[in-house]
Amino acid sequence: QLHLAESGGGLVQPGGSLRLSCAASGSTSDYPSIAWFRQAPGKEREGVSYISTEDGRVYYADSVKARFAISRDNAENTVHLQMNSLKPEDTAVYYCAASIWPKWGDVWSRSDRYEVWGQGTQVTVSS
């Protein structure tokens, strides 16, 4: 069994930065793929970024490329999402999710590919 816990959300002004963390506990070695999703009010959940410990591949949604960076600390079983140059449209609840499949390709952003989800952390970008 795997448990995921997100942290690091909060209120930030446009142009600011936040660092989200996703701490995994339990059967971490069974879930080599971790992704970040977000869901804004009235919108569908969307994939933000993905990382695989199998081969280190990473993916980003077009809307966050060059602003967000995903990384994984294997010693701490934690995945981070560094978010820079934040915009009001980045406001959402951010979730981390884990998959037993080691190397997702183009379908990495489909939420139905992930078996375990965290409870989410709110990110609000507003002046």
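We count residues from 1, following the sequence as given.
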Quiz prompt | Audit row: Ser99, Glu115, side chain to side chain contact (heavy atoms under 4.5 Å, CB included) steps and yes/no | solution = CA-CA 6 Å; Ser99 171; Glu115 295 82 24; 3.8 Å; yes
Exercise. Look at Asp90 together with Lys87 and state whether they make a salt bridge at an N to O cut-off of under 4.0 Å.
Key: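 Result for this pair is no, no salt bridge flagged.
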Side-chain heavy atoms nearer than 4.5 Å, only ILVMFWY residues, links allowed to pass through others: does that put [X] and [Y] together?
X	Y	result
Val58	Leu81	yes
Leu20	Val12	yes
Trp104	Tyr60	no
Val79	Tyr59	no
Val93	Val48	no

Testing the basics here: between [X] and [Y], what is the closest heavy-atom pair and its distance to 0.1 Å?
X	Y	value
Thr78	Ala23	OG1-CA, 4.0 Å
Gln39	Tyr95	CB-CE1, 4.3 Å
Pro14	Ser126	CD-C, 3.6 Å

Enter the distance from [X]:[atom1] to [Y]:[atom2] here, rounded to the nearest 0.5 Å.
X	Y	atom1	atom2	value
Ile51	His80	CD1	NE2	10.0 Å
Gln82	Leu18	CD	CG	8.5 Å
Ile34	Arg72	CD1	CZ	5.0 Å

Quiz item: Under the side chain to side chain contact (heavy atoms under 4.5 Å, CB included) criterion, do Phe68 and Ser49 qualify, and how do the steps go?
Solution: CA-CA 8 Å; Phe68 290 11; Ser49 186; 5.9 Å; no
Practice problem: For Met83 and Arg67, run side chain to side chain contact (heavy atoms under 4.5 Å, CB included): C-alpha distance rounded to whole Å, both residues' side-chain angles, the deciding distance at 0.1 Å, then the answer. | Solution: CA-CA 6 Å; Met83 306 188 297; Arg67 299 189 298 123; over 6 Å; no
Any donor-acceptor pair under 3.5 Å linking the side chain of [X] with the backbone of [Y]?
X	Y	result
Ser33	Trp101	yes
Glu6	Cys96	yes
Ser52	Pro102	yes
Ser27	Gln1	yes

Exercise. Please report the C-alpha distance between Tyr114 and Trp108 in whole Å, then the side-chain angles of each, then the deciding distance to 0.1 Å, and finally whether the side chain to side chain contact (heavy atoms under 4.5 Å, CB included) criterion is met.
Key: CA-CA 9 Å; Tyr114 299 85; Trp108 70 268; 4.0 Å; yes
Quiz prompt | Flag side-chain contact, heavy atom, 4.5 Å: Thr91 against Arg38 | solution =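 With C-beta onward as the side chain, the pair stays apart.
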Practice problem: Evaluate the side chain to side chain donor-acceptor pair (under 3.5 Å) criterion for residues Tyr50 and Ser109: first the C-alpha distance (whole Å), next the side-chain angles of each, then the deciding distance (0.1 Å), finally the verdict. | Solution: CA-CA 8 Å; Tyr50 165 92; Ser109 59; over 6 Å; no
Exercise. Output the rest of the hydrophobic cluster of Ile100: all Ile, Leu, Val, Met, Phe, Trp and Tyr residues reachable through side-chain heavy-atom contacts under 4.5 Å, sorted by chain and number.
Key: Leu2, Leu4, Tyr31, Val116
Quiz item: So does Asn74 have more than 12 non-hydrogen atoms from other groups sitting under 6.0 Å from CG?
Solution: yes
Self-check item: Identified side chain to side chain contact (heavy atoms under 4.5 Å, CB included) counterpart of Phe37 within the set Arg110, Glu46, Arg45
Solution: Arg45
Quiz prompt | salt bridge (charged side-chain N to carboxylate O under 4.0 Å, His left out) against Arg19, all qualifying residues, sequence neighbours excluded | solution = none
